[in-house]
Amino acid sequence: MPNPTTGSSQQPPRTRRSAVRVVRVALLIRSHTLPLLSYRVPNRLAGGVRVGTTVVAPLSGYGRLGVVVGFEREGDRELKELRTVASDLNLPATLVRLCARVAAASALPLQTVLRAALPPGISAAACEVIRPAPGWPWKRGEVLGRAELRRTLGAAGLKTAEEEMRVILTPRRAPPRTVEWAVLEEGGIGSRLPRRAHRQRALAETLERHGGACPTAYLLDEAGAGRASLRQLVLRGAIRLEGRPETAPVSYTRGSGADLASYRDGAGRALERGGAWVWRTPTPQGSAVVAAIARAAAARGGGTLVLAPEVEAVERLVGELRRLLPAGLTVAPYHAKLGRGRDLLYEAARRGEVDVLVGTRAAALVPVGSLGAICVTDEPNEAHRADPESHEGVPVHARDLVMERGRIEDVPLVFLSPTPSLKLYAPESGASRLPPRKPDFWPAIRLVDQRGTGAALSSTLLDACRETLREEGCVGVVANRLGLATLVSCRRCGRVLSCPTCDRPFALHDGPEGGSLACGTCGRRERAARECPACGSDRLGAAGLAAGGVRSTLAGALDVEVDLLTARERDAAGAPVVVGTTGLVLKKRCDLVVVPDADALLFGSGTVERGFGLLYGAAEASRSRLLAQTRSPEHPVLRAALAGDYEAFAAAELPRRRALGYPPHGHLAKITLTGPERAVRRAVESGLRPALEPGIELTGPSPVPANGANVKAKTGANAETTSWRLLLRARGRESVAAAAALVARRVAERCGGLRVRVEVDPEEV
DNA sequence: AGCACGCCGACT
DNA sequence: GTCGGCGTGCTC
């Protein structure tokens with residue numbers, strides 16, 4: 001069978017005579033059901049068309065941007081011709097193959113993945129006037145939007161104009177933006193400034209330090225001056241302002257490389273042997289390990305692609321790499337917040353001008369000239385996968401994406417984390433292991449057995465906090481649940497107040513009139529009840545450790561200011577005690593880290609694997625001591641996490657995963673259908689179940705409350721249209737993905753009222 | 001019958 | 001993404 005991305009094996013396009021005649025094209029329009037289409041290559045374009053060439057091809061009369069994804073033998077079918085090639089958007093053939101694999105493995109349309117691999121901000125509607133017809137208001141060579149052409153020529157007129165090649169679609173990179181620069185005039189300023197003009201002097205000095213020219217945005221920021229001072233300098237004739245084309249934010253390293261020696265062997269070994277490697281390295285050593293890998297790659301003449309989970313981590317890493325790597329290498333960040341600069345970086349990386357490209361998952365598909373290594377930091381982090389709900393980027397974990405990329409481009413991969421995901425650590429994943437690095441420091445651990453106590457915060461815990469505060473240390477308290485309490489129950493009959501739709505206990509949130517009840521699953525909010533709905537008693541009591549409650553209890557007991565740190569709020573910044581969610585509290589290092597409910601962290605929400613990582617991270621974030629309260633002090637996962645013993649954890653969990661058929665031993669796809677129950681059931685029973693291949697197991701549909709209030713608002717879901725979950729399980733990843741893709745296509749084609757979303761191998765089910 | 005509207009499938 | 005076909009349902 002001919003491979004769709006490499007072409008038929010019968011007629012390899014080698015010489016001019018056998019140049020490609022017919023190509024398979026993925027048109028980049030927002031339609032999830034449009035198949036790949038075939039076009040004839042006109043003689044004038046023959047030779048310039050290969051896999052990865054971006055082309056303009058007609059579809060219902062109009063030109064469309066597309067990517068050549070394969071060849072085909074000439075048949076007897078009448079085919080339309082390609083119109084032009086848009087050569088400054090071409091993708092490397094290897095990247096197209098990667099996109100095809102990613103699409104197949106994730107049940108996503110190839111078009112969606114290709115779009116993510118193209119430079120951001122393409123103007124796909126720009127048309128160039130080639131041969132203006134008599135009477136046209138435009139001159140030859142003029143570029144204008146398709147909308148304007150249509151307004152003047154009409155729909156039919158535009159079609160004819162395109163067919164006669166009077167105008168052609170010219171998809172192009174985002175036009176370069178100009179930024180304002182301040183330039184020192186001849187003769188400088190120096191003594192001519194009045195003595196009191198501090199700001200102007202600061203500006204002038206900063207400008208001189210930058211060699212006499214600098215973008216004004218940086219200049220004002222660095223000198224701490226406003227535009228008024230800048231104006232003054234212009235009026236004095238000391239400087240002038242001018243527009244210059246924006247440049248990619250590529251910077252040079254300026255270190256010595258001296259701190260990297262101890263990681264040289266590991267990095268060298270991975271790059272020498274190639275393939276995928278897991279390197280268990282303590283989080284604080286992460287930057288140095290990345291630097292060592294980048295250095296080893298540079299020594300072999302290759303660039304390095306580094307992936308970090310969040311923008312903030314990317315920027316931090318760029319700064320540290322500049323400091324750690326020997327002078328003379330180029331480093332650049334790549335993430336969505338760069339705006340237009342991202343497009344320039346894409347181009348610089350493609351031309352091989354960036355030695356180390358550090359980016360978020362958006363960078364995983366960026367072409368990098370002479371790529372020598374790929375490095376994924378904080379590998380198990382879920383932020384490495386785009387939220388499938390947001391429709392931004394490819395909802396595939398960067399780990400899985402670069403695994404494929406490494407294979408196709410034959411580039412060594414190194415995955416870093418002290419607690420790698422088990423699906424990667426399992427020997428069956430194909431990743432080899434480098435000798436793990438020991439943490440430089442591990443805190444003293446104190447485990448408080450809470451069995452048989454009613455107190456939420458033990459006296460041991462409070463004493464430990466007091467002691468740390470006496471020594472002027474800081475305390476970080478991990479409480480992942482928001483609100484004052486995780487549940488409200490009746491003290492008389494024991495009834496737990498729960499959400500009527502989700503049947504999960506309500507959390508108690510702060511607010512007027514006794515606060516409100518909030519459902520963590522669907523986002524439902526209610527006024528806090530005064531009486532038990534079951535027995536009418538007014539003896540309702542709140543329980544369960546939540547950030548807000550822990551904070552007020554601690555503030556009262558310790559008599560200090562306590563900062564609450566959650567995604568939403570942060571007050572009392574700089575307080576000696578911080579209570580908050582793991583991600584935020586563990587970012588800052590504390591002398592004492594307190595985990596008041598280790599059981600909730602480990603088993604409360606999500607997988608045990610994630611809980612293990614969080615607890616391990618809590619220990620890493622401590623500069624001196626860690627205290628954890630638990631009701632299962634003997635639990636092996638808890639023990640392993642607190643002892644920093646990942647190997648013991650993996651040894652216990654890996655056989656369990658194998659037995660359950662979790663990745664990489666088996667694969668699953670999570671399919672979410674949104675719509676009325678009857679339509680969902682009909683679609684599943686008549687359309688899907690009979691179409692499944694043997695060996696693929698289907699469970700569901702089971703109702704899933706839309707996750708969070710914001711999702712509900714976005715999708716307009718209501719009581720009649722809830723979401724339904726289907727799970728597909730099979731041994732092979734490709735077979736679940738294929739089945740999931742089939743489901744998605746069938747539902748999209750036949751069941752108009754339903755929305756489908758597919759996630760292959762989600763991090764959590 | 002005549003027309004507006006919306007859904008569906010084709011487009012290469 | 002764009003278009004035409006066709007069915008539904010409403011109006012003259």
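None of these values were measured; they are calculated from a predicted model.
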Sugar-phosphate only, base, or nothing, as touched by Leu27(A) at under 4.0 Å among non-hydrogen atoms: nothing
Base dG1(C) paired with Ser60(A) side chain (donor-acceptor, <3.5 Å): yes
Ser38(A) (side chain) donor-acceptor with Leu79(A) (main chain) under 3.5 angstrom: no
Pair Arg173(A) + Glu347(A): basic N to acidic O under 4.0 Å: yes
Euclidean distance, atom CD of residue Glu78(A) to atom C1' of dC11(B) [Å, nearest integer]: 15 Å
Spacing of Lys159(A) atom NZ relative to dC3(C) atom C1', expressed in whole Å: 6 Å
Between C1' of dG1(C) and CZ of Arg146(A), the distance in whole Å: 9 Å
Sugar-phosphate, base or nothing in reach of Arg64(A), heavy atoms under 4.0 Å: sugar-phosphate
Glu310(A)/Lys337(A) salt bridge by N-O under 4.0 Å criterion: no
Spacing between Glu163(A) atom CD and dC11(B) atom C1', to the nearest angstrom: 13 Å
Atom-to-atom span, CG of Leu28(A) to P of dC11(B) - whole angstrom: 20 Å
Rounded distance (Å) that lies between atom P of dG4(C) and atom CG of Leu59(A): 13 Å
Distance, rounded to the nearest Å, where Arg77(A) contributes CZ and dC11(B) contributes P: 10 Å
Atom pair distance, as rounded to whole Å: CD1 in Ile29(A) and P in dG1(C): 7 Å
Under 4.0 angstrom between Tyr62(A) side-chain N/O and dC3(C) OP1 or OP2: yes
Minimum-distance nucleotide (side-chain atoms of Arg30(A) versus dG1(C), dC3(C), dT12(B)): dG1(C)
From Leu728(A) atom CG to Leu668(A) atom CG, the distance as rounded to the nearest 0.5 Å: 8.5 Å
